[in-house]
**Student:** 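Structure incoming, see below.
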Amino acid sequence: MTDVVCHVAIADDWEMSRGFGEYEVATRGVPLEPGGYVRATTPDRVSAVVADRYADLSLPLLRIDLSVAGLAAAGVLVEWVDGSPRVLGAVPMDDDVVVAEVPLPR
């Protein structure tokens, strides 16, 4: 397990969520409801997620680094299933939760 989990976001989805104060996208093309949880990965698996899920997409992507402790303090749990993290709720767009937003090279 790790202190930081990562979510790959389409940059436009992430930016549009700022006005709401939270991010409610489970994964590419799937909202949190009915998606059930925000898909996340460990930092070392981000490139594999991009290759597997986003290779055919030409839109700008961001690696969103999330503090597991910050999420917990905000009441959002991280569940680990088969070594992969799941963020069990909307991601608050707070500095204590979102520790980095990094554009991903395409």
Side-chain angles (χ1 to χ4, degrees):
M1 306 226 197
T2 178
D3 296 335
V4 172
V5 296
C6 302
H7 173 74
V8 176
I10 295 171
D12 286 346
D13 290 346
W14 183 256
E15 291 304 322
M16 288 189 320
S17 296
R18 285 189 194 282
F20 299 106
E22 60 185 16
Y23 177 79
E24 295 185 343
V25 176
T27 190
R28 176 183 176 181
V30 180
L32 182 57
E33 293 301 326
Y37 58 92
V38 176
R39 283 22 173 214
T41 192
T42 56
D44 62 318
R45 297 261 318 130
V46 169
S47 59
V49 169
V50 171
D52 291 345
R53 301 277 302 150
Y54 297 90
D56 64 329
L57 190 68
S58 61
L59 295 171
L61 300 175
L62 297 171
R63 185 190 78 217
I64 308 300
D65 293 353
L66 305 170
S67 164
V68 173
L71 285 163
V76 181
L77 298 179
V78 175
E79 171 183 67
W80 292 83
V81 177
D82 297 327
S84 294
R86 295 177 174 183
V87 178
L88 303 180
V91 175
M93 294 199 142
D94 299 330
D95 291 341
D96 292 336
V97 173
V98 180
V99 295
E101 302 172 21
V102 180
L104 290 169
R106 301 299 297 197

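All figures in this text were calculated on a predicted structure; none of them were measured in a lab.
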**Student:** If you define the side chain from C-beta out and look only at heavy atoms, does anything of V76 sit under 4.5 Å from Y37?
**Tutor:**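 The answer is no; the side chains never approach within 4.5 Å.
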**Student:** May I have all residue pairs that pass salt bridge (Lys or Arg N to Asp or Glu O under 4.0 Å) and include part of residues 35-47, sequence neighbours excluded?
**Tutor:**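 Checked against salt bridge (Lys or Arg N to Asp or Glu O under 4.0 Å) - neighbours excluded - no pair reaches residues 35-47.
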**Student:** Scan residues 81-106 for pairs that pass ring-ring contact (aromatic ring centres under 6.0 Å, His included), counting only residues two or more places apart or in two chains.
**Tutor:**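 The answer is none; no pair qualifies.
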**Student:** Under 3.5 Å, which donor-acceptor pairs do the side chains of residues 20-33 form with other protein atoms, sequence neighbours left out?
**Tutor:**
| from | atom 1 | to | atom 2 | distance (Å) |
| --- | --- | --- | --- | --- |
| Y23 | OH | H7 | NE2 | 2.8 |
| R28 | NH1 | R53 | O | 2.9 |
| R28 | NH1 | D56 | OD1 | 2.7 |
| R28 | NH2 | D56 | OD2 | 3.4 |

**Student:** Ignoring hydrogens, what is the shortest heavy-atom contact between T42 and G83? Give both atom names and the distance.
**Tutor:**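 Here T42 and G83 meet closest at CG2-O, 4.5 Å.
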**Student:** Hey, any chance W80 and V91 share a hydrophobic cluster, counting ILVMFWY side chains that come within less than 4.5 Å of each other, even indirectly?
**Tutor:**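 Result: yes, single cluster for both.
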**Student:** Spell out, yes or no, whether V4 and V38 are grouped together once hydrophobic residues are joined by side-chain heavy atoms under 4.5 Å, including indirect joins.
**Tutor:**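 Different clusters: V4 never reaches V38 through Ile, Leu, Val, Met, Phe, Trp or Tyr contacts under 4.5 Å.
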**Student:** Identify all side-chain donor-acceptor contacts of residues 64-74 below 3.5 Å with residues at least two apart in sequence or on another chain.
**Tutor:**
| from | atom 1 | to | atom 2 | distance (Å) |
| --- | --- | --- | --- | --- |
| D65 | OD1 | R63 | NE | 2.7 |
| D65 | OD2 | R63 | NE | 3.4 |
| D65 | OD2 | R63 | NH2 | 2.9 |
| S67 | OG | A69 | N | 3.4 |
| S67 | OG | G70 | N | 2.9 |

**Student:** If you group Ile, Leu, Val, Met, Phe, Trp and Tyr whenever their side-chain heavy atoms sit less than 4.5 Å apart, what else falls in with V46?
**Tutor:**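 Besides V46, the hydrophobic cluster comprises V8, I10, V49, V50, Y54, L57, L59, L61, L104, listed by chain and residue number.
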**Student:** So, for P92 and A90, which heavy atoms are closest and what is the spacing to 0.1 Å?
**Tutor:**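 Closest heavy-atom pair between P92 and A90: CD-O, 3.2 Å.
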**Student:** Using salt bridge (charged side-chain N to carboxylate O under 4.0 Å, His left out) as the criterion, list what pairs up with E79, not counting sequence neighbours.
**Tutor:**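 So E79 forms a salt bridge (charged side-chain N to carboxylate O under 4.0 Å, His left out) with R86.
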